[in-house]
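This report refers to the structure that appears directly beneath it.
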Number of protein chains: 2
Amino acid sequence: MASRNENLETIQREMTAFARRARGTAARMHPELSLVSFTLLAHLEERSGCRATDLAVHYLLDKSTVSRQVAALEKLGFVERRPDPEDHRVQMLHTTPRGAEALATAARNRRRMFDERLADWDAEDLARFADYLTRYNAARP
Amino acid sequence: MASRNENLETIQREMTAFARRARGTAARMHPELSLVSFTLLAHLEERSGCRATDLAVHYLLDKSTVSRQVAALEKLGFVERRPDPEDHRVQMLHTTPRGAEALATAARNRRRMFDERLADWDAEDLARFADYLTRYNAARP
DNA sequence: CGAAAGTCGTTGCTTTATACAACTTACACA
DNA sequence: TGTGTAAGTTGTATAAAGCAACGACTTTCG
């Protein structure tokens, strides 16, 4: 069995390799939605809409970045803006039916890729891997 | 215990979250070396030098991208080019002492971050996580 | 041998993602 | 009611990345 040191090295190396490939993988899975725009759109879907500022805070992005991403998603017809009657500075962002469809397609492709990649994993390994990843990400920033 | 489906969803979600944050994390750990330039420099160190084309093939990058990354690393004094006497089209790339030092510092910061983040993991969980990641990444493309 | 074809690396151009700063509009509170 | 804060947009800058075209060199084959 490998030493703690070796395991730490392995984890580091494999996480780095994964991170390096991630954007490319996303682009292959769903050329229409980058990793970030997929994430933002998915967030809107989950929350049934939210403000641009919320997206920026949640994903540690500058509000200008979000503004342009949202503008692009709107141009594609994937997002619509609804003025907030309470506060006229705010726009609630919502997925459109087309956006929801694009998101569903992307999620399907993503899911298929993960399914295939993990097809021969047994239930216990899968459960543990899921827990480890969650635990890893949940650690203080 | 979660269903296979739930575990697949979790893995997908957590991997995505990790990928999204990776570049930023790298930038915080070693502002001098991006995720990619760190990787390229580390590759040169491991292999005791190689050609630009090898880097491009190995990391699925365009040769122009590698060319510019290497130029930047050279400008920083982290890499040197040695003409190949066998083939005058080729330059063997090597880390310089300064490059090796910058790499060592970056690797130390990286390692410290992983150490801290995984400090309270016991040996068995660490070993399993390392295996799972390796297995995940090793899957066909 | 000598010409055609392939390889290595650079450079020009383009696209995309991102940040920071300045600005506009709107709100809030004291 | 005026000053300060919040939401979003836009201008500018930087960096990463790809594709295409090129120059220098090597290999292959007629």
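Because the structure is a prediction, the values reported are computed rather than measured.
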Q | Hydrophobic cluster identity match, A:Leu40 and A:Leu76, side-chain contacts under 4.5 Å | A | yes
Q: Find the distance A:Asp62:CG to D:dA13:P and express it as a whole number of Å.
A: 17 Å
Q: Would you jot down, in residue-number order, the residues of residues 38-60 of chain A having a non-hydrogen atom under 4.0 Å from DNA chain C?
A: A:Leu60
Q) Can you check whether B:Tyr132 and A:Trp121 have ring centres sitting under 6.0 Å from each other? A) yes
**Q.** Strand-adjacent residues in residues 64-76 of chain B, judged by heavy atoms under 4.0 Å from DNA chain D
**A.** B:Ser64, B:Thr65, B:Arg68, B:Gln69
Q.
Short of 4.0 Å, heavy atom to strand atom, which residues of residues 78-89 of chain B count as contacting DNA chain D?
A. B:Asp87, B:His88, B:Arg89
Q | Test: B:Arg112 and B:Glu116 ion pair at under 4.0 Å | A | no
(Q) Going by the rule ring-ring contact (aromatic ring centres under 6.0 Å, His included), which residues pair with A:Phe114 if we only count those two or more places apart in sequence or in a different chain? (A) none
Q) Taking atom P of C:dA17 as reference, at what distance in whole Å does atom CZ of B:Arg20 sit? A) 15 Å
**Q.** Residues which pass salt bridge (Lys or Arg N to Asp or Glu O under 4.0 Å) with A:Glu86, listed by chain and number, not counting sequence neighbours
**A.** none
Q: Take the protein atom CZ of B:Arg23 and the nucleotide atom C1' of C:dT16, then report the distance between them rounded to whole Å.
A: 12 Å
Q) For the hydrophobic clusters of this structure (ILVMFWY residues joined by side-chain heavy atoms under 4.5 Å, transitively), does one cluster hold both A:Tyr136 and B:Met29? A) yes
**Q.** Heavy-atom side-chain contact between A:Thr96 and A:Val79 under 4.5 Å
**A.** no
(Q) The criterion is ring-ring contact (aromatic ring centres under 6.0 Å, His included); which residues satisfy it with B:His94, sequence neighbours excluded? (A) none
**Q.** Distance in angstrom units between B:Lys63 NZ and D:dC19 C1', rounded
**A.** 10 Å
Q | Between D:dA6 (C1') and A:Gln91 (CD): distance, integer Å | A | 14 Å
Q.
Using a strict threshold of under 4.0 Å (side-chain N to carboxylate O), is an ion pair present between A:Arg51 and A:Asp54?
A. yes
Q.
In whole Å, I'd like the distance from the CG atom of B:Leu33 to the C1' atom of D:dA15.
A. 15 Å
**Q.** Between P of D:dC19 and CG of B:Leu61, the distance in whole Å
**A.** 11 Å
(Q) Just so I know, are the side chains of A:Arg81 and A:Met92 near enough to count as touching, which here means a heavy-atom distance under 4.5 Å? (A) no
Q) Are the side chains of B:Arg111 and B:Arg108 in touch, meaning some heavy atoms are under 4.5 Å apart? A) no
